Amino acid sequence: TGGHTTEILRLLSCLSESYSPRHYVLADSDKMSEAKIRSFEQKRAETFSKSQFSLDRIPRSREVRQPWISSVLTTLYSILYSLPLTYKRKPDLILCNGPGTCVPVCLSAFLLGLLRIKRTIIVYVESICRVETLSLSGKILYYFSDYFIVQWPDLKKKYRKSVYLGRIV
């Protein structure tokens, strides 16, 4: 929500028309991001007339200040909810940037790849506000992403697999 949505929309604004349709996945309790996405897509349609998108909602994997032990259960529930959605959409690429909602979707896509149902490229972009340490989502998806992009050189030094491109959002 909020900052993560703004960052991902900045990234998407650089993509060509060939990245269509786009399927956004939001937490079921996130109202603010939907309005931002719809506004972004409405503006994008002015440039790309054949632009297509959809919005899907999944249960939030972890609420702010939720105890860690219970967040394991809610994340598992969110993964189970994400599996049919990921199977239905069968994305070629997942571009995500850190909200907890991206973890269940990425893990579902990774599982579909392991089962040889659909291979999805997972690109994780760590939020620009993460200067010295990774977010929890980043710590998890570091091991499951195909490309792990950081925006600060100190993070590149700490995480060998990461790719440093400078500040991209």
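Residues take their numbers from the sequence shown, with the count starting at 1. Keep in mind that what you see is a predicted model, and the values were worked out from it rather than measured.
- Within the model, atoms CH2 of Trp152 and NZ of Lys158 stand 13.5 Å from one another, a figure rounded to the nearest 0.5 Å.
- Atoms CG and CG, from Asn97 and Leu12 in turn, are 9.0 Å apart once rounded to the nearest 0.5 Å.
- Without hydrogens or angle criteria, Arg57 side chain to Asp30 main chain gives a donor-acceptor distance under 3.5 Å.
- Side-chain contact between Leu112 and Thr120 is absent, with no heavy-atom pair separated by less than 4.5 Å.
- Going from atom CZ of Phe40 over to atom CZ of Phe53 covers 10.0 Å, rounded to the nearest 0.5 Å.
- Of all the heavy atoms in Ser61 and Gly100, the pair that sits closest is OG-O, 3.0 Å.
- Judged as a side chain to side chain donor-acceptor pair (under 3.5 Å), the pairs with a partner in residues 71-85 (not counting sequence neighbours) are, in order, Gln66-Thr74.
- The same ILVMFWY cluster, assembled from side-chain heavy atoms under 4.5 Å apart, contains both Ile128 and Leu9.
- Linking Ile, Leu, Val, Met, Phe, Trp and Tyr whenever their side-chain heavy atoms come within less than 4.5 Å leaves Leu26 and Leu83 in two separate clusters.
- For the side-chain contact (heavy atoms from CB on, under 4.5 Å) with Ile79, the lone residue among Thr86, Leu107, Ile58 that qualifies is Leu107.
- Of the possible polar contacts, none joining the Arg60 side chain to the Ala27 backbone as a donor-acceptor pair under 3.5 Å is found.
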Report all side-chain donor-acceptor pairs from residues 88-95 shorter than 3.5 Å, counting only partners two or more places apart or in another chain.
from	atom 1	to	atom 2	distance (Å)
Arg89	NE	Asp56	OD2	3.0
Arg89	NH2	Ser54	OG	3.4
Arg89	NH2	Asp56	OD1	3.2
Arg89	NH2	Asp56	OD2	3.1
Lys90	NZ	Tyr87	O	3.0
Asp92	OD1	Lys118	NZ	2.6

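- Cys96 places none of its side-chain heavy atoms less than 4.5 Å from the side chain of Val125.
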| said: Applying side-chain contact (heavy atoms from CB on, under 4.5 Å) to His23 and Leu85, what does each step give before you reach the verdict? | reply: CA-CA 10 Å; His23 304 287; Leu85 173 63; over 6 Å; no
| task | Begin from the C-alpha positions of Lys50 and Ser20 and carry the test side-chain hydrogen bond (donor to acceptor under 3.5 Å, both in side chains) through to its verdict. | result | CA-CA 8 Å; Lys50 296 181 182 179; Ser20 183; over 6 Å; no
| request: Applying side-chain contact (heavy atoms from CB on, under 4.5 Å), run through Cys102 and Leu141 and close with a yes or a no. | output: CA-CA 9 Å; Cys102 71; Leu141 294 178; 3.7 Å; yes
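- With a 4.5 Å cut-off on side-chain heavy atoms, Asp154 and Val131 do not count as touching.
- Contact record, Glu41 with Ser51: OE1-OG, 3.5 Å, taken as the closest heavy-atom pair.
- For Glu17, there are no salt bridge (Lys or Arg N to Asp or Glu O under 4.0 Å) partners two or more places apart in sequence or in a different chain.
- To the nearest 0.5 Å, atoms CE (Met32) and OG1 (Thr6) are separated by 8.5 Å.
- No chain of hydrophobic side-chain contacts below 4.5 Å, direct or via other Ile, Leu, Val, Met, Phe, Trp or Tyr residues, connects Val103 to Ile69.
- Note on Leu111: it does not cluster hydrophobically with Tyr143, by side-chain heavy-atom contacts below 4.5 Å among ILVMFWY residues.
- Using a distance-only test at 3.5 Å, with no hydrogens or angles considered, a donor-acceptor pair links the side chain of Arg22 to the main chain of Tyr19.
- Hydrophobic cluster membership is shared by Phe110 and Tyr142, with clusters built from Ile, Leu, Val, Met, Phe, Trp and Tyr side chains linked at under 4.5 angstrom.
- Scanning all heavy atoms of the two residues, the minimum distance from Val150 to Lys156 falls at CG2-N, 3.8 Å.
- Counting only residues at least two apart or on different chains, the side chain to side chain donor-acceptor pair (under 3.5 Å) pairs with a member in residues 127-141 are Glu7-Ser127, Tyr124-Ser135, Glu126-Ser135, Arg130-Thr133.
- To the nearest 0.5 Å, the span separating CD1 on Ile140 from OG on Ser145 amounts to 12.0 Å.
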| message | side-chain hydrogen bond (donor to acceptor under 3.5 Å, both in side chains) for Tyr24 and Glu34? Distances and angles first, verdict last. | response | CA-CA 9 Å; Tyr24 296 91; Glu34 181 174 351; over 6 Å; no
| message | Show, in sequence, the C-alpha distance, side-chain angles and deciding distance for Ile121 and Val123, and conclude whether the side-chain contact (heavy atoms from CB on, under 4.5 Å) test is met. | response | CA-CA 6 Å; Ile121 296 170; Val123 179; 4.1 Å; yes
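- Applying the salt bridge (Lys or Arg N to Asp or Glu O under 4.0 Å) test to Arg62 and every residue at least two apart in sequence or in another chain returns nothing.
- By the salt bridge (Lys or Arg N to Asp or Glu O under 4.0 Å) test, Arg119 is found to be paired with Asp146, residues two or more places apart in sequence or in another chain being considered.
- Taken to the nearest 0.5 Å, the CZ atom of Phe148 stands 8.0 Å off from the OH atom of Tyr159.
- Looking only at distances, a side-chain donor or acceptor of Ser13 sits under 3.5 Å from a matching main-chain atom of Arg10.
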